[in-house]
Protein chains: 2
Amino acid sequence: MRNGVPSDDVRTDRPARAGRRTLSRDDWARAALEAMRESGLGAIAVEPLAERLGTTKGSFYWHFKDRDALVHAALEMWVAESDAMMAAAARITDPAERGRWLTEFAFTGPQGADISTTLLINSQHPVVGPFLERVTEDRIAWGARLNEELGLAPDVARQHALAAWMIAVGIALVRRGAPQLLPQGEESDAFKRYIMELLRPGPRRP
Amino acid sequence: MRNGVPSDDVRTDRPARAGRRTLSRDDWARAALEAMRESGLGAIAVEPLAERLGTTKGSFYWHFKDRDALVHAALEMWVAESDAMMAAAARITDPAERGRWLTEFAFTGPQGADISTTLLINSQHPVVGPFLERVTEDRIAWGARLNEELGLAPDVARQHALAAWMIAVGIALVRRGAPQLLPQGEESDAFKRYIMELLRPGPRRP
DNA sequence: GACTTCCCGTACGGTGGCGTATGGAGAACT
DNA sequence: AGTTCTCCATACGCCACCGTACGGGAAGTC
């Protein structure tokens, strides 16, 4: 995982004497993650990122073995963020409220916060595949537990979690590719409530 | 649309004298569409496709102006297929049955039959964007009409169609990227029924 | 002040894909 | 038979990006 890089990230807070900062491994990973959020896996390219960071490939190949190592680091960072978010959500005690919070996040969270779509698209990639498997499995299990707390039987809870996850993926994809399709303004709230009602486990209110 | 190509596709059924066939414009478009289904927009690349077709770039640049023209032709072909499928579905008179048929198709239709996901991902592409807009708008309007036939008010019908479309997109994406997540065997049918029930307009049965 | 270590700049070769230019073999026409 | 037209092969230059080699400056170390 740490493929042969000397020290970790203690030198980020160096004085940076002459205004000229020295980049850390995490700076690269962060930039890569951001680029991936914006434009997909293909945007993780060494030379363009170097320019964006105001440096050159020389820096990159000091910190990383190759491009795949950068992809790996970016995804690790994403997993950390993702886990942190789920931990934050877990602090909401009322399961129904927790479900609403997640739905709300799917709709109005930061654009491209969830790169699950990007991972699904590039699931063939040797680095991406394992990450995708781990994280999606985690999330669906998480959703299934939530649904069990709401009183569903285990098998139905998982089915429902899977459905919810697919809708979340769909929402993320549409937000990226065709946001004009999503209702705007007041209709937006109505649509959100509609989706929440759709996702609410148990018998539907007429 | 026909950007400067002499004749259309009458010469496909030429004798092909010495076993050596001569490719048509549509042969290229078909191959491009297939490649896009399998591996996304990036797979529409002239040289790889040429090899796959057992020919060279020379053939391609005789039939097409450039790569974008090929993308355009492939998407046109897809729209034609897509319209034909919707027309076939429209022949089912019972709207409820029609809805079930569509759901069934989303799950068990040919792998990658729907490249809407690919289009959503590449919505920035100047050729892809317009196609995406037209087709998705068509489909959602189509679904909304279906829901109106089922007795929903127009605004709710559209919301519901939008939700259904997002789920369909999610299913397609998961089928491509993480098919192991979809229930297999008997559970598959149960999950399908579950989704159909989820998508069924109106009050839910407990 | 020499010496080492860290971090980066630059130059280079390699690969894959795009688009162009040009020639040429066969079929079709007259 | 000669000419024209259709379709393809080949060679070329270009660009973007990967990865390597190597050098060098600035901080710390002795």
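In what follows, chains carry the letters A, B, and so on, assigned in the order in which the sequence lines appear, proteins first and then strands, with residues in each chain numbered from 1.
Look at NZ on K65(B): it is 13 Å from P on dA21(C), rounded to the nearest Å. Note: CZ (F60(B)) to C1' (dT10(D)) measures 17 Å, nearest angstrom. In this structure, W28(B) places its CH2 atom 10 Å from P of dC18(C), rounding to the nearest Å. Nucleotide dT20(D) holds its C1' atom 18 Å from the CZ atom of F64(A), rounded to whole Å. The separation between E51(B) atom CD and dA9(D) atom P is 12 Å, rounded to whole Å. What separates CG of L53(A) from C1' of dG9(C) is a distance of 15 Å, to the nearest Å. The distance from atom CG of D27(B) to atom P of dC7(D) is 12 Å, rounded to the nearest whole Å.
Taking 4.0 angstrom as the limit, H63(A) places none of its side-chain polar atoms (N or O) nearer than this to OP1 or OP2 of dC6(C). Note on T55(B): a side-chain N or O is less than 4.0 Å away from OP1 or OP2 of dA9(D). For T22(A), no side-chain nitrogen or oxygen approaches OP1 or OP2 of dC6(C) to under 4.0 Å.
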Donor-acceptor contacts under 3.5 Å from residues 119-130 of chain B side chains, at least two apart:
| from | atom 1 | to | atom 2 | distance (Å) |
| --- | --- | --- | --- | --- |
| S123(B) | OG | G177(A) | O | 3.3 |
| S123(B) | OG | L120(B) | O | 3.4 |
| H125(B) | ND1 | V127(B) | N | 3.0 |

Any chance you could lay out the side chain to side chain contact (heavy atoms under 4.5 Å, CB included) test for Q159(B) and E187(A), step after step, and finish with the verdict?
-> CA-CA 10 Å; Q159(B) 283 183 341; E187(A) 293 182 11; 5.9 Å; no
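Partners of Y61(A) by ring-ring contact (aromatic ring centres under 6.0 Å, His included), not counting sequence neighbours: none found. Every residue two or more places apart in sequence or in another chain that forms a salt bridge (charged side-chain N to carboxylate O under 4.0 Å, His left out) with E47(A) is listed here: K57(A). Under the salt bridge (charged side-chain N to carboxylate O under 4.0 Å, His left out) criterion, E137(B) pairs with R158(B), not counting sequence neighbours. Looking at residues two or more places apart in sequence or on another chain, you find a salt bridge (charged side-chain N to carboxylate O under 4.0 Å, His left out) between D83(A) and R134(A).
Counting only heavy atoms from C-beta on, W62(A) has its side chain closest to dC6(C) among dT10(C), dC6(C), dT10(D).
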List every contact pair, protein side and nucleotides 16-18 of chain D side both N or O, where the distance is under 3.5 Å.
| from | atom 1 | to | atom 2 | distance (Å) |
| --- | --- | --- | --- | --- |
| dC18(D) | OP1 | V46(A) | N | 3.3 |
| dC18(D) | OP2 | V46(A) | N | 2.8 |
| dC18(D) | OP2 | E47(A) | N | 3.3 |
| dC18(D) | N4 | K57(A) | NZ | 3.3 |

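For the 3.5 Å distance criterion, the side chains of D114(B) and S116(B) qualify, holding a donor opposite an acceptor.
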